[in-house]
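Taking it in order: structure first as structure tokens, then the write-up.
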Amino acid sequence: MKFFSREKFLCSIDQVKFKTHEELISHMRQTHHYPIVKCHDCRKEFIHEKDRLHHVREEHERKIDYRKHKGE
Ligand SMILES: [Zn+2]
Ligand SMILES: [Zn+2]
């Protein structure tokens with residue numbers, strides 16, 4: 001599954017293109033007052049909740065698994 005284009009970050013509301021994810025995030029927030037979601041683990045910001053969930057799954061799942069096993 002891919003959520004972002006590798007080359008350009010496109011605003012889904014007005015089709016403005018950005019070079020980086022961070023620029024797109026600040027555009028969404030400042031221009032559209034879009035509710036940005038944040039990863040609780042690393043503070044990375046995302047436009048869509050599903051993107052955050054994907055990130056958590058990809059980046060932090062191992063840690064959670066480890067913690068689970070440790071607690072058992
Ligand atoms: Zn926009
Ligand atoms: Zn994270």
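Nothing fancy with the numbering, it's 1 onward along the sequence. Order of appearance sets the numbers: ligands from 1, and atoms from 1 within every ligand. Everything numeric in this text was worked out from a predicted model, so none of it was measured.
Between the Zn ion (ligand 2) and the N, O or S atoms of H55, the shortest distance is to NE2. When the N, O or S atoms of H32 are ranked by distance to the Zn ion (ligand 1), NE2 comes first. Within H60, the N, O or S atom lying nearest to the Zn ion (ligand 2) carries the name NE2.
One of the N, O or S atoms belonging to C42 lies under 2.8 Å away from the Zn ion (ligand 2).
A continuous path of hydrophobic side-chain contacts links I13 to L24 [ILVMFWY only; heavy atoms under 4.5 Å].
In summary, R29 and E45 engage in a salt bridge, as defined by a charged side-chain N under 4.0 Å from a carboxylate O.
Not a single donor-acceptor pair under 3.5 Å links the side chain of T31 to the backbone N or O of M28.
H21 places a side-chain heavy atom less than 4.5 Å from the side chain of F46.
Between the side chains of H54 and H48, no donor-acceptor pair of N or O atoms lies under 3.5 Å.
Vertex the Zn ion (ligand 1), arms ending at OD2 of D14 and NE2 of H27: the angle is 100° after rounding to 10 degrees.
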